[in-house]
Amino acid sequence: MSTAERQNHFINDIIDEDLRKGKNESRVHTRFPPEPNGYLHIGHAKSILLNSGLAEQYKGSFNLRFDDTNPLKEEDEYVDSIIEDVRWLGADWEDRLFFASDYFLQMFECALDLIKKGLAYVDDLTADEIRQYRGTLTEPGKDSPYRSRSVEENTDLFLRMRKGKFANGSKVLRAKIDMTHPNLNMRDPVMYRVLHANHHRTGDAWCIYPMYDWAHGLEDSIEKITHSICTLEFEAHRPLYDWFLNSLDMYHPQQIEFARLNLSFTVMSKRKLLQLVQEGHVQGWDDPRMPTISGLRRRGFTPASIRSFTEKIGVAKRDSMVDMALLEHCIRDELNKTAPRYMAVLNPVKVIIENFPEDKTEWLDAVNNPENPEAGKRRLPFTRELYIEREDFMEEPVKKFYRLSPGREVRLRYAYFLTCKEVVKDASGEIMELICTYDPATKSGNSPDGRKVKATLHWVSAQHSKTVEARLYDRLFSVENPVAEENFLDVLNRDSLKVISNVQVEPALGEINAGETVQFERMGYFIADTVESRSGIPVFNRTVTLKDAWARLLKHTQNTSKQKPAKKKKEVVPEEKGMITIDDFSKIDLRVGRVVEAGLVEGADRLIRLMVDIGEDAPRQIFAGIRSAYQNPAILVGKDVLVVANLKPRKMKFGLSQGMVLAGSGEDRLAVASFLSELQPGDIVR
RNA sequence: UGGGGUGUCGUCAAGUGGCCAAGACACAGGGUUUUGAUCCCUGCAUUCCUAGGUUCGAGUCCUAGCACCCCAGCCA
């Protein structure tokens with residue numbers, strides 16, 4: 001494939017240094033070691049392209065090796081899909097396709113060797129007991145009672161394990177390291193478990209299977225890998241990787257860890273992807289909404305776009321979440337240069353051109369790809385009846401909408417200027433047809449008088465167009481990080497797939513081959529689905545929309561108009577209309593009060609200090625700004641007034657004001673509301 | 001609270017003691033345009049998790065904190 005360009009990251013630095021020192025005879029040999037228990041996703045693509053890219057860059061080698069050490073989870077179906085995906089991505093393993101299961105015998109012999117060295121033992125503890133003996137993060141573990149078996153006994157037992165003399169789970173082979181090691185992985189890890197199960201490649205040849213930590217370093221060592229690159233979660237396993245190889249005194253590759261890829265608006269764990277498939281939330285591993293390689297391929301992504309993406313995201317050790325927008329950018333960037341353009345109307349509305357002859361078909365030239373002159377031209381039929389996009393017409397155009405509306409003139413791409421004269425609706429008010437006229441002088445879209453038009457619309461001839469189906473895909477999840485939710489299924493994007501069956505496309509599109517990608521002008525990039533297209537009847541998958549400034553503008557105004565009514569509910573109702581509800585009113589504790597004392601306040605020329613009896617043990621002190629109306633406060637004494645009793649007390653420099661006295665005010669008047677009645681202080685007013 | 005990692009713009013990510021802290025995506029503004037696309041221009045971290053320190057000079061070195069991630073499968 002293409003030659004890998006050097007990227008600057010820490011793994012390059014490590015390799016450069018190794019080469020400088022002449023380590024491994026200056027070889028570079030990498031590998032991609034998938035377990036065939038699921039489909040590959042874009043996170044794997046990052047690893048595949050990293051490993052194979054490094055091999056290319058340093059003129060080394062790259063192996064594809066299946067890490068098939070667990071017969072319970074692995075299947076040939078997955079092997080096949082993985083091979084297809086890695087090949088499609090362009091990684092070249094030449095003749096080096098390997099299986100860990102091919103090394104089972106060598107691994108077995110190595111285990112015997114380790115037993116002989118007194119570094120491994122057969123343990124009879126149950127899985128539960130092993131867990132208990134392991135200790136915790138903060139407490140050391142303790143030795144198994146079987147830890148001190150002799151080399152002879154261990155050898156005998158292990159041989160019999162291999163011969164099938166023991167039941168599943170009854171015995172394991174463990175490395176003898178250190179049960180008090182602060183790294184849990186070093187507390188006598190299990191190397192082999194008894195598993196009477198059929199393996200997808202070795203069948204019934206084995207009934208003991210090696211564990212990852214034991215097997216992986218051996219696989220790398222056997223293949224003479226120089227740099228064994230894996231993801232961060234294996235960092236704590238590296239001491240073990242090193243311990244096994246050192247104990248065996250074998251060729252020793254270097255394990256290097258990097259951060260796995262996380263992509264916004266999707267999930268990347270095999271378990272969750274499997275769940276999406278099994279529970280039918282998507283239509284399979286290759287559903288175009290899936291972040292799997294096969295899903296992306298069916299969606300219309302290309303190896304080059306994925307390669308470009310992995311180059312842009314870089315390689316580092318910090319946990320990160322890459323913006324889906326970057327992946328979308330990469331595929332747009334490529335398809336813009338390569339995809340031939342066609343016209344297709346996703347949501348058609350009929351246009352009738354009054355002044356165009358009924359029986360005439362005019363063939364017009366259209367450019368196949370403005371980015372690539374070599375793509376040539378094609379001819380488009382133009383007739384009296386056309387379809388245009390329903391969204392390209394607005395009977396009452398909003399601000400900044402400059403497409404078609406009554407009385408307005410637009411350009412039909414590669415054709416003529418068109419003016420809307422009349423809107424025809426059905427009984428329900430839905431627009432059925434647009435009656436328009438065209439200007440014959442504007443052929444191929446130019447006006448001789450220099451008249452300008454603000455918009456250019458795509459269109460198809462109603463007589464010639466074909467009806468096809470399209471699937472409009474969107475992001476699978478509605479939030480950036482679905483994994484952060486209680487249940488990631490709760491945030492599945494309900495609109496991730498919209499199937500539309502009445503897409504009107506120009507005739508040439510009927511001839512397209514499955515797997516070909518085109519641009520529907522102004523709408524997006526679409527690929528003819530490889531699974532459901534039939535000869536002459538393509539089914540289109542939308543890979544990605546074009547960037548759309550108008551859609552963004554619309555969204556913004558929608559958002560702001562959505563927010564406004566929400567605000568208005570709070571503010572407008574009480575303020576503009578002067579209304580509160582009965583609930584608001586019932587919050588006010590209004591009492592009858594009798595003024596028992598009233599006087600001026602020293603240093604405050606507006607305030608009067610009142611002592612008001614509202615039926616409580618003691619009168620309340622209330623400061624009221626009513627002095628302008630009561631130069632002689634004494635006249636207030638003995639009057640019955642209305643007091644807001646549950647007003648939050650307010651500290652003033654003259655003292656605490658514990659309520660409010662209602663007063664009425666008008667032009668030049670201010671008076672405390674007082675009254676004569678049978679009501680007594682403390683009575684509630686409603 | 002054991003061990004292993006990581007902290008630089010909204011998101012990725014360069015930077016390996018010495019010009020005003022690369023670049024990309026996103027975002028905002030402008031220009032060109034027969035795709036409201038593409039393309040082009042402009043803007044976008046006085047600051048690198050925090051606090052001290054070393055130094056003529058620190059994102060880079062030292063010390064002490066803080067935050068986040070991984071590990072207790074007979075999964076990989």
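Quick note on labels: first sequence line is chain A, next is B, and so on, each numbered from 1.
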Lys/Arg cation over aromatic A:F98: A:R65, 6.0 Å, 45° cone: no

Does A:R413 qualify as a cation-pi partner of A:W459, given the criterion of NZ or CZ under 6.0 Å from the six-membered ring centre and within 45 degrees of its axis? no

Find out whether A:L157 and A:Y121 are in side-chain contact, i.e. whether some heavy atom of one side chain is under 4.5 Å from a heavy atom of the other. no

Any donor-acceptor pair under 3.5 Å from A:D548 side chain to A:A551 backbone: yes

[X] side chain near [N] phosphate (N/O to OP1/OP2, under 4.0 Å):
| X | N | result |
| --- | --- | --- |
| A:H458 | B:rU35 | no |
| A:R318 | B:rU8 | yes |
| A:K400 | B:rG36 | no |

Give the rounded distance in Å between these two atoms: CE of A:M324 and C1' of B:rC12. 15 Å

Could you check how far CG of A:D323 sits from C1' of B:rC27, rounded to whole Å? 11 Å

For a quick check, with a 4.0 angstrom heavy-atom cut-off, what is the B/S/- contact string for nucleotides 66-76 of chain B, read 5' to 3'? ---SSBBSBBB

Hey, which sits more toward the 5' end of RNA chain B by its nearest nucleotide, A:F10 or A:R411? A:F10

Select from A:R332 and A:N446 the residue whose nearest nucleotide in RNA chain B is closer to the 5' end of that strand. A:R332

